[in-house]
Every structure is written in structure tokens, then in C-alpha cells.
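I have placed the structure first, in the form of C-alpha cells, so that the comments after it can refer back to it.
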Protein chains: 2
Amino acid sequence: MNLDQRQADVLFTVVKSYIQSGLPVGSRTVARKSNLNLSPASIRNIMADLTEESYIEQPHTSAGRVPTAKGFRYYLDSKLDMEPLPREIEQKIKSSLAKVGPDLPRTLSQASKLLSSISNQISLVITPSHQNIRWKHIDFILLRPGLVMSILVMEGGMVQNKVISVDRDIMTDDLIKFSNYLNEHYQGKTLLQVRVSIYEQMKIAQRQFNQLYQSALRLARESFEPENNRQVYVDGTHYLFQDTDLANLSKMREVFKLLEERSKLLKLLDQTLESKSLSIILGQEQDWEELSDYTVISSPYSLKGDNIGMVSIIGPTRMNYSRIIPAVDLTARILSQILHDIYEYKNHEGLA
Amino acid sequence: MNLDQRQADVLFTVVKSYIQSGLPVGSRTVARKSNLNLSPASIRNIMADLTEESYIEQPHTSAGRVPTAKGFRYYLDSKLDMEPLPREIEQKIKSSLAKVGPDLPRTLSQASKLLSSISNQISLVITPSHQNIRWKHIDFILLRPGLVMSILVMEGGMVQNKVISVDRDIMTDDLIKFSNYLNEHYQGKTLLQVRVSIYEQMKIAQRQFNQLYQSALRLARESFEPENNRQVYVDGTHYLFQDTDLANLSKMREVFKLLEERSKLLKLLDQTLESKSLSIILGQEQDWEELSDYTVISSPYSLKGDNIGMVSIIGPTRMNYSRIIPAVDLTARILSQILHDIYEYKNHEGLA
DNA sequence: ATTAGCACTCTTAACCTAAGAGTGCTAATG
DNA sequence: CATTAGCACTCTTAGGTTAAGAGTGCTAAT
């Protein structure tokens with residue numbers, strides 16, 4: 001069902017006013033704030049319709065209306081009046097991130113700090129999946145007989161390390177041979193590409209009986225395995241305490257629980273990784289009971305056209321979307337730009 | 001001023017009852033709960049004295065008494081009735097940590113999770129200062145001309161990496177020479193020891209004009225520099241929402257702010273790193289206005305007699321000390337034990 | 001189609017009151 | 001002389017009542 005112009009106008013006014021005040025919105029207020037020039041009585045009729053279609057609802061008989069999830073969704077799906085971020089904020093982000101230097105983890109961490117402080121909401125920045133990134137160098141270090149640490153340096157300065165158990169008769173010299181081999185033959189490929197190669201070789205190797213060769217492959221396979229170690233940089237958790245009352249205390253607690261369960265969190269954010277652009281998850285809509293009353297706004301950052309990670313904020317459903325959406329969007333864009341620069345060796349003349 | 005037996009008894013009863021109920025404690029209650037066999041009237045006299053000396057205080061005229069920071073401190077400084085942790089919990093910690101394998105970061109992270117879940121409080125585990133740990137291997141990787149990543153693997157599997165800018169004419173082959181040299185000559189020393197050596201060599205080198213040699217030293221110096229990268233594993237933040245009302249909301253918010261300001265947090269915990277054993281910081285006592293009403297219990301974990309890191313919890317001042325102190329203490333002990341095992345190559349026959 | 005008017009509902013804040021918890025003091029007690 | 005019973009007093013809290021006010025939906029007038 002679509003809304004006609006007047007209905008949409010009323011709905012938008014209700015949403016905006018509710019975002020601003022957090023209070024149920026009455027017909028009087030809508031009459032004043034909208035530019036429809038209708039009397040409250042007429043507005044009431046329209047609001048009755050909107051309630052019928054459950055875009056808005058009444059907390060109780062004599063209260064004004066509050067937008068439902070459906071109402072918010074309609075508001076968000078319509079092109080809305082974004083306030084473009086002031087130039088100086090954009091500059092601040094750029095310069096602040098440039099200062100960090102060509103170090104991806106620090107860049108992401110800093111981006112998270114910036115985003116939370118300009119949005120006044122909890123920010124999340126998730127590290128890239130390593131799968132589609134090329135790697136630069138691999139090293140195996142014998143921690144002690146039977147135990148090896150593999151260190152995989154990705155372009156952009158991400159490092160992935162892993163402790164791997166191996167046959168006890170593998171020596172440092174063997175490890176050096178392995179790593180030399182891998183560095184020579186596979187360097188510059190993505191992890192995914194390497195994995196495919198290795199699996200092929202393993203099939204062949206099974207027919208041979210070269211023990212050492214098989215060990216090498218096993219070691220390589222483990223090192224390049226898709227690691228479950230994507231990190232999430234979380235900042236600004238204290239913003240969740242903005243205008244809160246006892247009622248949402250238990251809901252806030254759920255948010256904090258969610259933030260600590262990284263696997264759940266990743267699942268939530270992965271939902272949106274596929275979408276090409278900014279996406280909004282309304283907790284009430286989905287079956288994320290942890291997020292009722294909260295909304296997640298995410299925007300992917302990309303490298304060479306692939307979305308590899310996410311920039312997000314978590315805030316109350318009644319947050320100031322016009323301000324925050326551009327903030328998330330811009331942060332993701334700048335991050336993509338900087339990533340591009342790091343990977344293309346541009347604009348970064350080293351650290352101070 | 002010291003308390004006599006009876007005064008101490010009354011104070012303890014007040015503290016315990018307050019911890020249990022969170023409510024001001026009246027003379028009736030003390031008369032019942034203490035084993036003094038005195039009438040409420042007599043208790044009232046004693047409580048008046050304790051109030052005089054400000055061990056306890058009255059929220060208002062007709063209310064019972066609440067322990068002050070001084071009262072809590074007296075309670076904590078006296079040897080108190082610890083409930084030793086049940087055997088099975090100790091076992092659970094040990095086995096759960098053993099399962100992680102000889103990987104220090106993961107071990108610490110897991111320890112933090114365990115501690116928060118058995119204490120029902122926010123837990124903090126701070127990673128070791130690398131300064132007094134021996135290192136195993138160093139590697140330099142040329143990210144691109146003029147930019148090197150150094151990777152320093154410590155015993156126990158900590159990795160410290162850093163992006164360092166260098167002269168543009170340093171090549172991969174040079175880097176290999178550098179790292180070989182360092183690995184041969186300094187391996188097995190602590191970072192602190194290496195730094196001292198390097199500074200000495202730099203003094204000598206200044207008089208020479210071997211450009212390459214000087215570069216190598218600069219690179220080494222940066223790599224072994226005391227990094228500001230001690231991490232803190234935080235878990236169980238949602239426990240802060242236990243029995244909370246609007247009054248402490250703003251205080252809770254301060255705690256969350258503190259948790260995100262890692263530098264402040266480290267300063268707080270470093271206070272206690274020197275003390276040989278478990279220590280308790282009452283927020284009200286110190287000038288940590290972020291922590292009024294909260295208390296930090298910390299216990300250091302050690303390697304070869306040196307305290308290298310901390311295990312802590314943050315909880316309300318009225319928490320169950322008898323249960324939680326042993327939990328913190330035990331976790332730190334087990335961690336020390338496991339560290340010892342990792343470093344001595346004992347008890348760890350690799351991963352599954 | 002729009003709106004003024006109106007009766008109705010429900011929440012909220014303010015006020016009052018009674019109950020109850022706890023105190024400190026005094027005088028009695030063993 | 002330490003202890004305790006008794007009591008008047010204070011202050012908080014919960015409950016109940018009330019009045020104000022916000023907002024509604026309906027009806028009838030424009």
C-alpha cells in the first residue's frame with residue numbers, strides 16, 4: 001500500500017517530531033509543524049488512517065502517535081533531507097586518518113573513534129576479511145619442537161598469526177625452505193587463491209610419499225585458512241546512556257551483551273555486507289530481540305570494487321538520521337579512499 | 001584510631017548486611033545478625049560511636065547506617081572470611097585455559113571471559129609489558145620503498161608489529177641481513193636488554209660513517225622501543241546493569257567512558273602492578289571520580305617472579321568480596337602457572 | 001472536503017495522609 | 001555502671017485522591 005502525498009507529509013512530520021522530542025506527537029503539533037495548512041481535526045483523520053495501516057501507533061487512547069517500525073522504514077526509504085556534513089568535519093576525518101600513517105589496524109581503530117565522536121553513537125568498524133586481500137610475506141617460526149607460529153603479512157599492514165602444531169621433526173631450516181617457497185610462488189595472490197592452489201597440490205601430494213612435502217602443505221593450509229579473527233573496533237559505548245530512563249535499561253543491557261558476543265555481532269553485520277551501499281537495520285523489524293528500539297546503520301568500505309569491511313553505528317531508533325547517515329556514509333567513503341591509497345602506495349610518504 | 005572487638009563486630013555486620021541487601025542497616029538488624037547478644041539500644045550506642053568516627057553514615061535521620069569508604073577499607077584490611085572457590089570451578093578454569101593451547105593472547109582473552117562469568121562483574125586482563133619478556137624472532141618486511149614492517153615474536157606467542165619508515169634505498173636483502181644479525185646476536189634477551197645494547201652500539205656508530213649500519217640500528221631501535229600497545233581484554237560489561245537504578249546511571253556511564261580510555265585505564269591498573277599481591281582500589285577513596293561507588297580488585301600475574309600483567313574486576317563497592325577476591329586471586333595464580341608452563345615448555349603437547 | 005465544537009479517556013503531577021523504620025535520649029534495671 | 005526498655009521524634013515511602021491537561025474521535029456545521 002502506498003501513501004498519498006498528504007499522508008506521507010503527515011507521517012514525515014510525525015517521525016521528525018518524534019525523533020526530535022522522543023514524545024508521542026499529537027494532531028495539533030503536526031498541524032503546526034507540517035506545511036499542509038490543515039486544521040488539527042483534518043490531521044486527525046489522516047492520522048487515523050495511518051494508524052489503521054500501522055505506520056504509527058498510540059501508546060494509549062489519549063496520547064499522540066509514535067511511528068512504528070513500518071513508519072520509520074517508510075521514512076527511511078523515501079529520499080530524505082540529508083544534511084551534508086560540514087566541510088570542516090570531512091577535513092578533520094581525512095587529516096586525522098592521514099596522520100595515523102599507512103597502518104591499517106590503526107587506521108580502522110581511529111576511524112571508529114572519529115565516527116563515534118561525530119555521530120554521538122556507538123560506532124563499529126569491522127576489519128577486512130582477509131580472503132580477498134593479497135598477501136605480502138609469510139614466515140614460520142619454530143616456537144619449540146612440534147609447535148610453529150605462522151605470520152602472514154597482508155598488504156596494507158594487516159597481520160594474521162596463528163599457532164600451529166606440526167611434526168616434531170620439522171626443523172627451522174625446513175621452515176625457512178617452506179616459507180621461501182611460498183613467498184616465491186604465491187606472493188601477491190589473495191588468500192582465497194592460495195587456498196585453491198594448495199588444495200590442488202594436496203590432492204597430487206597424496207599419491208606421493210614425500211613426508212616433508214606433505215607437512216609443508218599442511219602447514220600452509222592452516223596458515224591460509226579463513227581465520228575467524230575478524231576484529232571489531234567498538235567505540236563510544238557511553239553514548240548509549242544519552243536520554244535514557246529505567247524502561248530501556250534492560251534493553252541497553254542487551255546491547256552490551258550483543259557487543260561482547262563478537263560472533264553474533266559479525267553475523268548481524270555480515271547481513272549487510274552484500275548490499276552495495278549504506279543499509280539500515282531496524283531492530284524492531286528483524287528478529288534481533290537484542291536490538292528492539294535500536295537501529296544499526298552500516299556502510300561497507302571497499303577495495304577495488306569489493307566490499308571488504310563495514311563501518312557502522314548503533315543508536316536508538318529515534319536518532320537523527322539526517323545527520324548520522326551522511327556521517328556513516330562519509331566515513332566509509334574516506335576509508336575506502338585511504339585503503340586505495342595505501343594499497344596503491346599513493347599519498348603516503350611514510351611516518352613522521 | 002583502632003576499633004575494639006565489639007565495634008569491629010558491629011561494623012562487620014553492617015558491612016556484610018549492606019553488601020547483601022544494598023539497604024541501610026538498622027540497629028535491630030545488627031542485633032539479630034551479629035553474635036553479640038546485645039539489645040538494639042546498645043547497638044545503637046556503638047553505631048553512634050562508629051558514625052562519630054565516620055566508619056558508617058546515615059543517609060538521613062531516620063535511616064539505618066551505610067558503610068563509608070573508611071568502613072569498607074577497615075573491613076577489607078581485616079582478615080575476612082573468604083569462601084574458597086569450589087574445586088570444580090578451579091578445575092573449570094584450568095581445563096578451559098589449557099584447551100586454548102600455548103597461545104598467550106588467546107589465553108588472556110579466555111581468562112578474562114572466565115573471570116567475568118564466575119565473578120559476575122566486569123573483568124579486565126591486561127597483556128604483559130613486553131619489556132621483560134625474551135623475544136624469539138624478528139623479521140623486517142619491506143612494505144614498499146621507504147616503509148618497513150617489523151615483526152617481533154615474543155616467547156609465549158605475543159607478537160608486536162610496527163610500521164617504520166626508513167631510507168628509501170634500503171632493500172629487502174639489507175633487511176634480511178639486519179634481521180639475521182639481530183636474530184643471531186640478541187635472540188633470547190629481553191626487550192629491555194636489547195635496547196640497552198643498541199643504545200651503546202649507537203654511540204659507537206655515531207663516530208663511524210657506515211650509512212647502512214646506522215640505518216640498521218635505527219630500525220632495530222624503533223622495533224624494540226617500548227610500545228604503547230598493551231592491550232586490555234574487557235568482558236562482562238553487561239554485569240554493570242545488575243540491580244541498578246536511575247541514580248547510578250550517570251556513574252555507570254563514567255565507568256564505560258573509563259573503559260574506553262585505555263590510557264587512563266592502564267594508569268589506574270599500573271598503580272597496583274607494583275604491589276606484590278592482590279590489591280583493592282575503592283573509587284571513593286582515590287581521586288578517581290569516574291569510579292565513585294565502584295571498586296577495582298586487581299591481582300598481578302607473574303613470570304619468574306616478575307609481575308608482568310594484571311587480572312582485575314570492576315564492580316560496585318558493595319560487591320561480595322568473600323566470593324570475588326578468591327576468584328581474582330585464583331585466576332591470577334592459574335595464569336601465572338600457565339605462563340610458566342608455556343615458557344618452560346611443559347604440559348603443553350601442542351594443539352589437537 | 002474541511003473544521004469547529006465537545007464529550008470522553010487517560011496520564012501526569014501535586015498534594016495529602018498513614019504506616020513504618022529507625023533514631024537518640026532518658027530512666028529504669030541487674 | 002554497662003545494658004536495656006520505653007518513648008517521642010524525624011524522615012521516607014507507598015497509597016490514594018484530585019485537578020489539570022493533552023489528545024482523541026465523533027458529530028454537526030460550513
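Numbered from 1 within each chain, the chains take letters A, B, ... in sequence-line order. Because the structure is a prediction, the values reported are computed rather than measured.
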If pairing requires Watson-Crick or G-U wobble contacts with both distances under 3.5 Å, which nucleotide is the partner of [N]?
{"N": "D/dC1", "result": "C/dG30"}
{"N": "C/dT2", "result": "D/dA29"}
{"N": "C/dT17", "result": "D/dA14"}
{"N": "D/dT24", "result": "C/dA7"}

Taking everything shown except [X] itself, do over 12 heavy atoms lie less than 6.0 Å from its [atom1]?
{"X": "A/R333", "atom1": "CZ", "result": "no"}
{"X": "B/D4", "atom1": "CG", "result": "yes"}
{"X": "B/Q20", "atom1": "CD", "result": "no"}
{"X": "A/N37", "atom1": "CG", "result": "no"}

- Message: Can you classify the ring geometry of B/Y321 versus B/Y75 as parallel (below 30°), tilted (30 to 60°) or perpendicular (above 60°)?
- Response: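 B/Y321 vs B/Y75 ring planes: perpendicular.
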- Message: Which label fits B/Y55 and B/Y74: parallel for a plane angle under 30°, tilted from 30 to 60°, or perpendicular past 60°?
- Response: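 Judged by the thresholds at 30° and 60°, the geometry between B/Y55 and B/Y74 is perpendicular.
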- Query: Once you round it to whole Å, what is the distance between P of D/dG21 and NE2 of A/H60?
  - Reply: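 For the pair A/H60 NE2 and D/dG21 P, the rounded distance is 17 Å.
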- Query: In whole Å, what is the span from the CZ atom of B/R65 to the C1' atom of D/dT12?
  - Reply: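 Those two atoms, CZ and C1', are 16 Å apart.
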- Does a nitrogen or oxygen in the side chain of A/T61 sit under 4.0 Å from OP1 or OP2 of C/dC10?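 It does, given that an N or O in the side chain of A/T61 lies less than 4.0 Å from OP1 or OP2 of C/dC10.
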- Item | Close residues, residues 26-51 of chain A, relative to DNA chain C [heavy-atom separation under 4.0 Å] |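 By residue number: A/L38, A/S39, A/A41, A/S42, A/R44, A/N45.
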